There are 2 protein chains.
Amino acid sequence: MPFDDIAAALRRAGHRVTPQRLAIIRTVLASEEHLTPGALYEKVRRMDPEIGEVTVYRTLNILSELGLVCMVHTGENAHSFVSRPPEHHDHLICSGCGKVINFTGCNIDALEKRLVSETGFTIEEHRLDLFGRCHECAAVTARG
Amino acid sequence: MPFDDIAAALRRAGHRVTPQRLAIIRTVLASEEHLTPGALYEKVRRMDPEIGEVTVYRTLNILSELGLVCMVHTGENAHSFVSRPPEHHDHLICSGCGKVINFTGCNIDALEKRLVSETGFTIEEHRLDLFGRCHECAAVTARG
DNA sequence: AGATAAATGAAAACGTTTGTCAATTATTGG
DNA sequence: CCAATAATTGACAAACGTTTTCATTTATCT
Ligand SMILES: [Zn+2]
Ligand SMILES: [Zn+2]
Ligand SMILES: [Zn+2]
Ligand SMILES: [Zn+2]
């Protein structure tokens, strides 16, 4: 999602567009990786050394509630946030070497439809991680 | 997973089988819902009032690493744990109230086959979490 | 039963997240 | 542009969730 669209959506939702919020949005957009509020705070400080950590938390909550950034539950003790990617993808992770392969086309629409009708939930997103062993690591295991 | 199997697996992995751990396992097995370590601690205390909260944390980490219980990332600020049912299941999680619904039949075999042939990976397991809003929480959002 | 290393529980350290509040500031409208 | 207004900010502290530390206890093995 482009910078200007995020700022416009913020204003449209009745929030003010402050320099601090713009700095936070820029920093999220500039980073490819998922960042915790704390890590993001450290990065934003380089742009705006006076910014408070609390402002980062508050802004991320707003952006995430408006669907302007993506909140990821990693299993660590803190949430992570990342700019909303252009297209949806999931992960294939090697338990041996840690290699991560992104793939598209998870194709779970039928499953989502089934669950919507069975549970009454509104489904917004999902996270699918497949764990296994890459070719190299599988070979090592077989030998050992 | 039955009580005795969990205890045996614990011992097989080189861990000791203590009364505290048995109480924690019993409590997890007795509860249908996902519980945070804190909530679980309150329940276990009724069986063993002298148990320490730290022991609950440590035990849950061990059980979860050994795959004997299921750790759920709900989007709340704490993880939840639940007994692992005999058959594979995935999670549908409400971003509003944290409610978790288990479902079976994720049916991703075709996807796994495709990825195996495309990447050469051997796939061992997966984690699929769907996030959305339950009927009650969706109503609140629409009203607000 | 005795030796040994793992496990326990209390307290404290640590990181994350939220609440409070006076001071600042983006926005609105004249 | 200026003044009025209400949202936002940042410092501080409080509330959580989780891990570390360490002396004491205890499960396990011989
Ligand atoms: Zn590998
Ligand atoms: Zn997907
Ligand atoms: Zn709900
Ligand atoms: Zn599944």
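Labels below follow one simple rule: chain letters A, B, ... track the order of the sequence lines, proteins then strands, and each chain is numbered from 1. All of these numbers come straight from a predicted model, not from anything done at the bench.
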Leu60(B) CG to dA7(C) P: how many Å, rounded?
15 Å

Nearest-nucleotide 5' precedence on DNA chain D, Ile62(A) against Tyr41(A)
Ile62(A)

To the nearest angstrom, the CE-P distance between Met71(A) and dT16(C) comes to 14 Å

Within residues 4-31 of chain B, those residues having any heavy atom closer than 4.0 Å to DNA chain D are Arg11(B), Arg16(B), Val17(B), Pro19(B)

Could you work out the complete set of other residues in the hydrophobic cluster of Phe131(A), with links drawn between I, L, V, M, F, W and Y side chains under 4.5 Å apart?
Ile93(A), Val100(A)

Option passing side chain to side chain contact (heavy atoms under 4.5 Å, CB included) with Ile25(A) (candidates Leu10(A), Leu68(A), Val17(A))
Leu10(A)

For Glu87(B), look at atom CD and say whether over 12 heavy atoms of other residues, nucleotides or ligands are found less than 6.0 Å away.
no

What I'd like to find out is whether the side chain of Leu115(B) reaches to under 4.5 Å of the side chain of Ile101(A), using heavy atoms alone.
no

Keeping to residues at least two apart or across chains, list the ring pair (Phe, Tyr, Trp, His ring centres under 6.0 Å) pairs with something in residues 47-82 of chain B.
His73(B)-His79(B)

Taking protein heavy atoms under 4.0 Å as touching, what does nucleotides 17-23 of chain C look like 5' to 3' if B marks base contact, S marks sugar-phosphate-only contact and - marks none?
BBBB---

When rounded to the nearest 0.5 angstrom, what distance separates CG in Asp90(B) from CZ in Arg127(B)?
9.0 Å

Would you tell me whether His91(A) and Asn102(A) have side-chain atoms, one donor and one acceptor, within less than 3.5 Å of each other?
yes

Students should find that the nucleotides of DNA chain D closing off the region near chain B, any atom under 4.0 angstrom from a heavy atom, are dG17(D) to dT28(D)

Heavy atoms, side chains only, cut-off 4.5 Å: are Met1(B) and Ser83(B) in contact?
no

Report the distance from atom CD1 of Ile51(A) to atom C1' of dT24(C), rounded to the nearest whole Å.
15 Å

Cluster link Met71(A) to Leu130(B), ILVMFWY, side chain under 4.5 Å:
no

Which side-chain hydrogen bond (donor to acceptor under 3.5 Å, both in side chains) pairs, counting each pair once, include a residue from residues 25-45 of chain A, with sequence neighbours left out?
none

